[in-house]
Amino acid sequence: MTNPASLFLLLPALIAGAVVPFQAGANATLGRLLGHPLWATLVSLAVSIAVILPVMAAFRVPTPTIDAASKGPWWIWTGGLAGVIYITAALLLAPRLGAANFMVAVIAGQMIASLAIDHFGLMGFAPRPINPARLAGVLLIVGGMVVTQWANAAQAITASAR
């Protein structure tokens, strides 16, 4: 972070991250109740729309023009696809892996991709080259994923031995 004021941005980012495992659990249960994970994906996205529309109305967000968005790069439309992939993966994998194991794998994947996005200046971000400290941070996260998965496997072996 470049300035101390950025530290205040960490709290809402931490809160946003904290709701993600709850989202995975809620959607996984919804998928079981609806009979298929893809129905839960659709319902989750529909609830998102139902929540955001009144918020946009309250803030009087102006209506965009598709013409303006159509002039952007092709990849601006991939956010919705990424949301469907994530929600569906969470529905299918979180119940099998457990919340912590699923989330640590997601976070490791996010960090690896984020490091590449920053390094190459992809997706409209300013380039921030990989340096030893940033690489070490990502490697620590990947190491945490390996340890968490290893601990889960060891616990399963102990439970099956009983």
Taking [Y] as the starting point, is it possible to reach [X] by hopping between hydrophobic residues whose side chains are less than 4.5 Å apart?
X	Y	value
L45	I76	no
L97	M111	no
L81	I87	no
M56	F59	yes
V61	V55	yes

[atom1]-[atom2] distance between [X] and [Y], expressed to the nearest 0.5 angstrom:
X	Y	atom1	atom2	answer
M123	T78	CE	OG1	4.5 Å
I117	I112	CD1	CD1	12.0 Å
N27	L91	CG	CG	5.0 Å
F120	I130	CZ	CD1	6.5 Å
M103	Q23	CE	CD	8.5 Å
W39	L33	CH2	CG	15.0 Å

Minimum heavy-atom distance between [X] and [Y], given as atom pair plus value:
X	Y	value
P54	V51	CD-O, 3.3 Å
G124	W75	N-CH2, 3.7 Å
F102	A90	CZ-CA, 3.4 Å
P95	A28	CG-CB, 3.5 Å

Walk me through whether N152 and T148 qualify under side-chain contact (heavy atoms from CB on, under 4.5 Å). CA-CA 6 Å; N152 189 58; T148 303; 5.9 Å; no

Before giving the answer on side-chain contact (heavy atoms from CB on, under 4.5 Å), spell out for L115 and L135 the whole-Å C-alpha distance, their side-chain angles and the decisive distance to 0.1 Å. CA-CA 8 Å; L115 198 62; L135 183 59; 4.1 Å; yes

Does the [X] side chain pair with the main chain of [Y], one donor and one acceptor, at a distance under 3.5 Å?
X	Y	value
R134	H119	no
S70	D67	yes
T29	G25	yes

Does the side-chain contact (heavy atoms from CB on, under 4.5 Å) test come out yes or no for L38 and L42, once each step is laid out? CA-CA 6 Å; L38 291 177; L42 181 65; over 6 Å; no

Using side-chain contact (heavy atoms from CB on, under 4.5 Å), reason through M145 and I107 one step at a time and then give a plain yes or no. CA-CA 9 Å; M145 178 189 70; I107 292 165; over 6 Å; no

pair Q149-V104: side-chain heavy atoms closer than 4.5 Å: yes

